[in-house]
S.K.: 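Here it is: the structure, laid out below.
Quick note on labels: first sequence line is chain A, next is B, and so on, each numbered from 1.
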Amino acid sequence: MLKIDHISKQFGELQALKQVTFDVADGEILGLIGQNGAGKSTTFHSILNFLNYQGTISWNEKPITESVFDEIGYLPEERSLMPKLTIEQQIIYLARLKNKPAKEIRPVIDDWLKKFAVKGTKKDKIKDLSKGNQQKVQLICTLIHDPKLIILDEPFSGLDPVNSDLLKQAILDAKKRGAAIIFSSHDMENVEELCDKLVMLRNGKVVLHGTVQEVRDSFGKTRIYVTTDKTIDELAMLPHVVAAKPLEKRRFVLYLDEESSGKAIFDELTQGQYIEEFSQQAPTLNEIFRRKAGEKDE
Amino acid sequence: MLILGPFLMLGITIGAGYVGAASGANSSNVAVISSQSTLRKNFLKENSADIDKKVTDEKVATKKMKKDNLAGYIVLKADNKRVTAKYVGTTSLSSSMKTKVNSFLAQTQQQLNMSQAKLSTQQLQALQQQPKLTEHIQEKAGTANLGKIISFWITVIMVYMVLITYTSITAQEIASEKGTKVIEIIFSSTTALKYFLGKIFGVLLVILTQILVYLVGGWGAYIFAENSSLTKSFVNQYQSLINSVMHNLLSVNLVYLLLGVVIYTILAAFCGALVAKVEDASKAAQPVIMLNLVAFFVTFPFQNNVDSIVVKILSYVPFFSSYFMPLRLINNNASTMEIMISLLILLASIILLAMYIGKIYQGLMLQTDDSSFWKRFKRGLSYK
């Protein structure tokens, strides 16, 4: 288990992290979200011991030092490989730094390239690969030594939907074999789909923490998705509806001022008749992200 | 390529020289023609260089001259009283060939004159007396001085070139690693100190390999020069000078070269780690290159003044000692104790500098703000 306990970090005048606390259990995926500059990369750098910080970080109750480096797989935010090496040389070089002998890695390289649908062969040079393929090779480098703690900084950025699905599957495979996974992302759909838990940082402070459902539910089920023949003006006039927005033909979302008004609106819209769709939900992560990002610090 | 480059250049130069000489040789050769075969044989016996021996008659010679394969031909004739030579050519006879022909003619004419005069053996012997010039050169002192001058220039230029090469490569490589951010992955796998020391150790192995290859290559070239007909006489003539230069080069000076590369490489790695972008890598190496340049040029005025206090002090100062102690060694100006102290200071400086830079290396490599050199330097020191 990765345990982050009240860590703080200051760069000159800038308080980059303030008492950040969370943990990631084995076989769990945690999404770290926040605007640019919120402190996500600083959190990762602290976990990896790149920085001095106040507070404690432990992996399986041991401080993160060289002795546990072999158990970590890290994908930095900026993609970075050695352009003159071949795919095989690059993967073996980084795996050997994790104390995985070349003879163990060499035979499985082709399988990994196939798994991530990397175009070309392992003898191709990194510099000759497309950006997307370079990114996939880097993901392979991060995962090939079967790390127990996986840290992915913006892993989905720059990937098309097909490659995103490949990455999602790889993350889920790692979760299945018991790895603790933490990744940052600006794509809330991925976070919602993959993560067991999420932490949102704003100006270095944790502003949201919990399971995805807990976080969403904490904002109340103040959204109603409805398919009806009523006009948008008629819907906007309903009691406790703050706003109404059209989504598709005859489909609307209604924003309520309080969760409890849902039943009254249901009665009003259905009047004992069949209705195609009526779904009362909590706000999406995207909405929550926007709202929390826009709030001011206390 | 780095190691074999100089050999390749040398090979190309020698090859080009050989090809140039070979192609030029034919057109500058002359033929020697004579209806009296003994006369021709006698000439060729004493003078074989620059002669096309295959040509024996004027027709062939003229044909070859037209094709520009022959510079000309000499026709030798002799009767009872006189020996003559006639030269026909597209260019005038070279002065060395003229001397050879004149000398042959004079010698042959003298023999002819003496046989015509019908002299007694005693008279013949008396006439054959030659004046004698003897030379006495204090070879040891002359060679030793020249040896020192040659050793000085070879040493300082070698140290300078090797240091420039390795510092530039190291600074560039480290800056490019920083530029690609691959360093973050590396630091998540091993400690910065280990990685840094590994890099320096790698450079050390490369320079050791280079020295070894040069030693083997140099030894091979020397053996070749000693046995090749082209260079044999040159090697024999300058044997003591070559020995003196070899002695100066294959000594503790090599250790100074090796340690010089290490300390300059450490500094270059430090400077490479300070850049924010890979494009600035060449700028990063500038302080090290400047320091190397200063050390290189400062040696010049002291080439003939090794007793100066400046030389003595600088032969103990790291970054300068790789130039100044060899300078003293070439001039037999340093005792074993002085060499040991200087080497110890250099070694200690290398260890301390490597440990210190290794410690702050992570901070230097992970900060990427594009501010001024000193700001980045200060920030790097306090990054953690």
Side-chain angles (χ1 to χ4, degrees), chain A residues 9-12 14 16 41-42 44-54 59 64-85 90-91 93-100 126-127 134 137-145 147 149-153, chain B residues 1-2 169-170 172-199 201-202 206 272-273 275-279 281 355 358-372 374-384:
Chain A
K9 176 70 193 170
Q10 188 130 6
F11 289 117
L14 178 78
S41 292
T42 306
F44 290 151
H45 287 182
S46 302
I47 296 170
L48 293 164
N49 217 6
F50 292 171
L51 302 167
N52 282 335
Y53 49 83
Q54 289 173 305
W59 167 245
I64 295 186
T65 56
E66 198 191 356
S67 61
V68 298
F69 279 174
D70 294 351
E71 297 176 26
I72 300 173
Y74 171 57
L75 178 81
E77 185 182 359
E78 282 178 44
R79 305 299 172 244
S80 45
L81 292 169
M82 293 157 166
K84 287 178 189 166
L85 299 189
Q90 179 69 91
I91 293 174
Y93 173 72
L94 293 176
R96 286 186 66 192
L97 284 179
K98 297 285 184 189
N99 285 320
K100 275 271 173 185
I126 297 291
K127 63 177 178 176
Q134 283 190 24
V137 171
Q138 191 160 0
L139 279 163
I140 294 171
C141 294
T142 309
L143 301 170
I144 201 165
H145 62 288
L149 171 61
I150 300 170
I151 300 167
L152 309 168
D153 201 350
Chain B
M1 198 60 205
L2 174 76
I169 290 171
T170 309
Q172 196 108 19
E173 195 187 304
I174 286 175
S176 59
E177 255 177 15
K178 189 175 176 176
T180 59
K181 286 275 209 160
V182 77
I183 204 71
E184 280 191 18
I185 304 174
I186 292 167
F187 288 165
S188 72
S189 310
T190 187
T191 62
L193 180 65
K194 267 191 186 172
Y195 182 67
F196 177 73
L197 294 180
K199 251 195 171 340
F201 191 63
V206 175
V275 302
K277 292 175 286 183
V278 65
E279 304 89 88
M355 297 306 282
K359 223 172 147 191
I360 60 166
Y361 193 63
Q362 182 163 304
L364 295 173
M365 288 298 277
L366 292 175
Q367 52 112 15
T368 51
D369 53 329
D370 194 11
S371 51
S372 73
W374 288 112
K375 268 189 185 169
R376 272 182 278 136
F377 177 57
K378 272 171 71 183
R379 190 138 181 215
L381 298 186
S382 58
Y383 186 75
K384 258 219 150 190

S.K.: Look at the aromatic rings of B:Phe196 and B:Tyr361 and report parallel, tilted or perpendicular, splitting at 30° and 60°.
M.R.: tilted
S.K.: Side chain, backbone, both or neither: which part of A:Tyr93 has a heavy atom under 4.5 Å from chain B?
M.R.: side chain
S.K.: Please check if the number of heavy atoms outside A:Gln54 that lie under 6.0 Å from its CD is greater than 12.
M.R.: no
S.K.: Relative to the ring of A:His45, is the ring of A:Phe50 parallel (under 30°), tilted (30 to 60°) or perpendicular (over 60°)?
M.R.: tilted
S.K.: Measure A:Leu97 against the heavy atoms of chain B and call it side chain, backbone, both or neither at under 4.5 Å.
M.R.: both
S.K.: B:Ile186 versus chain A, heavy atoms under 4.5 Å apart: side chain, backbone, both or neither?
M.R.: both
S.K.: Applying side-chain contact (heavy atoms from CB on, under 4.5 Å) to B:Tyr195 and B:Ile183, what does each step give before you reach the verdict?
M.R.: CA-CA 10 Å; B:Tyr195 182 67; B:Ile183 204 71; 3.6 Å; yes
